[in-house]
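Since the structure comes first, as structure tokens, the remarks are kept for the end.
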Amino acid sequence: MERIYNFSAGPAVLPREVLEQARDDLVNWQGCGMSVMEMSHRGKEYMGIQAQAEADLRELMGIPGNYKVLFLQGGASSQFAMVPMNLYRGKASADFLNTGEWSKKAIKEAKKFGAVNVVASSEDRNFTYAPAQDAWRTDPGAAYLHYTPNETIGGVEIFWTPDAGDVPLVADMSSNILSRPMDVSKFGLIYAGAQKNIGPAGVTVVIVRDDLLGQTVPGTPTMFDYKTHADNESMYNTPPTYGIYIAGLVFKWLKAKGGLTEMERINRHKAGLLYDCLDASAFFQSPVAPENRSLMNIPFTLKDAALDEDFLKGAKARGLVQLKGHRSVGGMRASIYNAMPVEGVQALVDYMKEFEKARG
Ligand SMILES: *Cc1c(COP(=O)(O)O)cnc(C)c1O
């Protein structure tokens, strides 16, 4: 079978060029006689791979020198606990914006370590928008302010960076990191599971300002202390070496493509194709407020949910897969991360128009 167009929310599509490079390197990386999977993480070959991956990520995102880049495990879900363990720093309460399913999970976990002040919530309209910052009730004494700039399930993205004043701003960027330029210096900490827009599952990237390190809550396990990993170049224990290697290939691919400014242009073009199709149609609908329509995850519904199964079946027959919406939202969801080619989005739009004509 030829490669299909995979609209999965994660693990998600990877660039074909990256997979081909990995294939060529699989058994014998650059003539060194072994696979990256077999290398000691303390050997010079692997250490070079990881150092290059970090350098390329720093270049792509413009990460300032006073920030540490950590390659961890445990997914973004472990960060829901690791962030409060490291960032409460003796303060009573942390601020959280609640814009959907991932925000809720982060809030639930933080409550195990301290008080949580929900500055605003969009639950009143089923998490289909993001509350404007002038409606947030922030606490100037908060330990940190946490938000989810792209809610992967609801397809709600926040395109502006909140002003947190002197309070460290923390972002779960699992599904929109590297999709467009962001000013890292505005954040105290950024985290992201790799399996959406970075690489394979099993790697978690944390970017943390160095003054926030070293003040964990009592009893924090060694492995849950960012400082452990910062002091040891993410090699306190065995890092997820193969995943970091693939992430490094993705960073090289992004650089070759023209970096994040160019990615944003392409991502806006791809998302535009799909949103234009939704807006022009009386049959398909986007539930999300126009100013918060995600460039990465695009949920949509059919006018008649009884046609969902037929729509998915027809899509699959054309090599368009993983379009079923999250069970909490229903309908469809197309995830169109960096690695989804524009041809894939165009094929989906063509199919949608055809389906509407035949069944609408
Ligand atoms: C996927 C996702 C998570 C969970 O990631 P895991 O790596 O599976 O723990 C958390 N937050 C957001 C925004 C996500 O998209």
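In listed order, ligands and their atoms are each counted from 1.
Between Tyr245 and Tyr46, the distance from one ring center to the other does not fall under 6.0 angstrom.
Shown are Val119, Asp163, Leu97; of these, the side-chain contact (heavy atoms from CB on, under 4.5 Å) with Thr138 is made only by Val119. Applying the side-chain contact (heavy atoms from CB on, under 4.5 Å) test between Met332 and each of Leu348, Leu302, Thr301 identifies Leu302 as the sole match.
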Can you pull every nitrogen or oxygen pair between ligand 1 and the protein closer than 3.5 angstrom?
| unit_1 | atom_1 | unit_2 | atom_2 | d |
| --- | --- | --- | --- | --- |
| ligand 1 | 7 (O) | Ala76 | N | 3.1 |
| ligand 1 | 7 (O) | Gln195 | NE2 | 2.9 |
| ligand 1 | 8 (O) | Gln195 | NE2 | 3.3 |
| ligand 1 | 9 (O) | Ala76 | N | 3.2 |
| ligand 1 | 9 (O) | Ser77 | N | 2.8 |
| ligand 1 | 9 (O) | Ser77 | OG | 2.6 |
| ligand 1 | 11 (N) | Asp172 | OD2 | 2.6 |
| ligand 1 | 15 (O) | Thr152 | OG1 | 2.4 |
| ligand 1 | 15 (O) | Lys196 | NZ | 2.7 |

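For Arg318 and Phe355, the positive end is not near the middle of the six-membered ring at less than 6.0 Å and at most 45° from its axis.
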Check: Where do Glu54 and Arg58 land on the salt bridge (Lys or Arg N to Asp or Glu O under 4.0 Å) test, with the steps shown first?
Finding: CA-CA 6 Å; Glu54 179 180 335; Arg58 282 184 178 277; 2.9 Å; yes
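One distance of note links OH of Tyr226 with CG of Asp210; it measures 14.5 Å at 0.5 Å rounding.
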